[in-house]
Structure formats: structure tokens, C-alpha cells
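Quick caveat, the model's predicted, so the values are computed rather than measured.
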Amino acid sequence: MDKNMLADLEGLPEEDKLKMATMIDQLQIRDSLRMYNSLVERCFADCIDNFQRKSLTKQEETCVRRCAEKFLKHSMRVGMRFAELNQGAATSD
């Protein structure tokens with residue numbers, strides 16, 4: 001869990017801190033799984049067009065690799081931008 005989030009919980013009793021930390025961890029896991037599922041669904045829909053073989057063709061494999069790279073780069077960029085906006089909002093308070 002993020003140390004900044006823990007700092008925001010300083011005024012709470014220990015039991016509540018533990019509950020909040022557990023809840024935040026669960027939300028982060030859920031969001032990670034949601035992102036992974038979105039990646040799989042998107043790249044599968046874009047890259048796989050037939051089921052004539054058990055394994056991917058070279059073209060499908062290349063497409064999936066590029067799709068995953070783009071998806072992850074985009075997700076990282078959005079996360080960085082979100083953090084920048086949050087930091088700017090925190091400093092303007």
C-alpha cells in the first residue's frame with residue numbers, strides 16, 4: 001500500500017487502520033485484475049481471428065505483443081498523469 005495513504009490514516013485507531021489498509025489492498029488487487037482482463041479481452045478481440053490451430057500464428061503473436069505493449073504503456077501514462085493531477089490538487093489545498 002502507498003505510504004501517503006497510510007499517512008492519511010494516522011488519526012484512526014489501529015483496528016480501523018488495519019481495516020482500511022486491507023480494503024485498499026483489495027481494491028488495488030481488484031483494479032490490477034480488471035486491467036489484466038481488459039488487456040486480454042482487447043488484444044484477443046483485435047488479434048485472434050480464427051481457431052484453426054492450437055498455437056498462435058506468427059502474425060497473431062506479433063499482434064498480441066504489440067497490443068499488450070501499447071496497452072501497458074497507455075495505462076502507465078494515464079497513471080502518471082493521474083498522479084500529477086493528484087499532486088497538483090494536493091498542493092493547491
message: Check whether E60 reaches the backbone of T57 with its side chain - one donor and one acceptor, N or O, closer than 3.5 Å.
response: yes

message: With a 4.5 Å cut-off on side-chain heavy atoms, are D46 and V64 touching?
response: no

- prompt: Considering only heavy atoms from C-beta outward, does the side chain of N37 approach that of R34 to under 4.5 Å?
  reply: no

query: Is the SG-SG separation for the cysteine pair C67 and C47 below 2.5 Å?
result: no

Nearest 0.5 angstrom please: [X] [atom1] to [Y] [atom2], how far?
{"X": "K70", "Y": "R42", "atom1": "NZ", "atom2": "CZ", "value": "9.0 Å"}
{"X": "R65", "Y": "L56", "atom1": "CZ", "atom2": "CG", "value": "10.0 Å"}
{"X": "E61", "Y": "S55", "atom1": "CD", "atom2": "OG", "value": "8.5 Å"}
{"X": "S32", "Y": "L27", "atom1": "OG", "atom2": "CG", "value": "11.0 Å"}
{"X": "D25", "Y": "R30", "atom1": "CG", "atom2": "CZ", "value": "13.0 Å"}

field: Audit row: E69, R66, salt bridge (Lys or Arg N to Asp or Glu O under 4.0 Å) steps and yes/no
entry: CA-CA 5 Å; E69 286 173 2; R66 286 184 182 154; over 6 Å; no

- prompt: Salt bridge between E14 and K17, side-chain N to carboxylate O under 4.0 Å?
  reply: yes

- prompt: Mind checking whether V40 and F71 sit in one hydrophobic cluster, side chains of I, L, V, M, F, W, Y counted as touching below 4.5 Å?
  reply: no

- request: Could you point out which residue of M80, K73, H74 forms a side chain to side chain contact (heavy atoms under 4.5 Å, CB included) with R77?
  value: M80

message: Please determine whether side chain to side chain contact (heavy atoms under 4.5 Å, CB included) holds for the pair L18 and E15, giving the CA-CA distance in whole Å, both sets of side-chain angles, and the decisive distance to 0.1 Å.
response: CA-CA 5 Å; L18 286 173; E15 184 179 336; 5.9 Å; no

